[in-house]
Amino acid sequence: QVQLAESGGGLVQTGGSLRLSCEASGLTFSSYAMAWFRQAPGKERQFVTAINWSGRSIDYADSVKGRFTTSRDNARNMVYLQMNSLKPEDTAVYHCAAGGVLERRVGMYDYWGQGTQVTVSS
């Protein structure tokens with residue numbers, strides 16, 4: 001079955017960096033757009049970034065533009081999220097997701113990982 005496994009979360013100070021990874025299995029990875037969403041306690045799941053199947057088209061939420069970078073390696077079935085200049089408001093569980101097209105809407109993604117916690121201390 002399809003599995004998405006995130007890793008790389010942790011505790012970091014304001015201004016620090018983290019790199020999240022998501023390993024996919026059980027699907028034809030290069031056929032899927034991949035996205036990162038985040039969810040803070042008591043809040044809805046929020047779009048962060050998405051990358052199309054080839055990596056040539058990428059979309060970022062305004063709140064992370066210029067600080068976060070997503071990339072993918074289709075040979076390794078991996079997608080990455082490099083997060084720089086982290087802020088306390090970036091604290092959330094970060095989930096990767098796979099879907100047919102590059103989209104911002106949660107409902108357009110078919111598969112989800114369990115998530116990895118990112119905590120940014122002030």
Applying a strict under-4.5 Å side-chain criterion to I, L, V, M, F, W and Y, I'd like to know whether L11 and L81 cluster together. no
Kindly write out the residues that satisfy side chain to side chain donor-acceptor pair (under 3.5 Å) with N77, not counting sequence neighbours, or none if the list is empty. none
Smallest separation among heavy atoms of T49 and D59, with atom names: OG1-O, 2.8 Å
Run the side-chain donor-acceptor check on residues 12-26: report pairs under 3.5 Å with partners two or more places apart or on a different chain.
unit_1, atom_1, unit_2, atom_2, d
T14, OG1, S121, O, 2.8
S17, OG, N84, OD1, 2.9

Indicate yes or no for a side-chain donor-acceptor contact from R72 to the backbone of F29 under 3.5 Å, with no hydrogens or angles considered. yes
With side-chain contact (heavy atoms from CB on, under 4.5 Å) as the test, would you mind laying out the steps for R105 and F47 before giving the verdict? CA-CA 7 Å; R105 291 174 288 178; F47 172 79; over 6 Å; no
Under 3.5 Å side-chain donor-acceptor pair for T119 and Q117: yes
Distance (rounded to the nearest 0.5 Å) between Q114 CD and Q3 CD: 9.5 Å
Who passes salt bridge (Lys or Arg N to Asp or Glu O under 4.0 Å) against K43, sequence neighbours left out? none
Can you find a heavy atom in the side chain of V79 that is under 4.5 Å from one in the side chain of T70? yes
Can you sort out the partners of Q46 under side chain to side chain donor-acceptor pair (under 3.5 Å), two or more places apart, ordered by chain and number? R38
Could you check whether any side-chain N or O of T91 sits under 3.5 Å from a backbone N or O of V120, counting only pairs where one atom can act as donor and the other as acceptor? yes
Please report the interatomic distance CH2(W53) to CG(N74), rounded to the nearest 0.5 Å. 8.0 Å
Could you pull out the closest heavy-atom pair between Y80 and D73, with the gap in Å? CE1-CB, 4.2 Å
Taking all non-hydrogen atoms of both residues into account, name the closest pair between Y111 and L27 and its distance. CD1-CD1, 4.3 Å
To the closest 0.5 Å, what do you measure between CD1 (I51) and OG (S71)? 6.0 Å
Do the rings of Y109 and F37 sit parallel, tilted or perpendicular, given the 30° and 60° boundaries? perpendicular
Non-hydrogen atoms of V106 and W112 that approach each other most closely: O-CZ2, 3.5 Å
Should the heavy atoms of other residues, nucleotides or ligands under 6.0 Å from CZ of R76 be counted, would the total exceed 12? no
Those residues at least two apart in sequence (or on a different chain) that pass side chain to side chain donor-acceptor pair (under 3.5 Å) with T69 are none
Going through the distances and angles, do W36 and E6 end up as a side-chain contact (heavy atoms from CB on, under 4.5 Å)? CA-CA 10 Å; W36 290 94; E6 303 93 339; 3.9 Å; yes
Starting from V101, walk the hydrophobic network (Ile, Leu, Val, Met, Phe, Trp, Tyr; side-chain heavy atoms closer than 4.5 Å) and list everyone else you reach, by chain and number. none
Heavy-atom closest contact (M34 atom, A98 atom, distance): SD-CB, 3.5 Å
Heavy atoms only: give me the nearest N52-R56 pair and the separation to one decimal. OD1-N, 3.0 Å
Inspect the contact between K65 and D62 and indicate whether a charged nitrogen and a carboxylate oxygen are less than 4.0 angstrom apart. yes
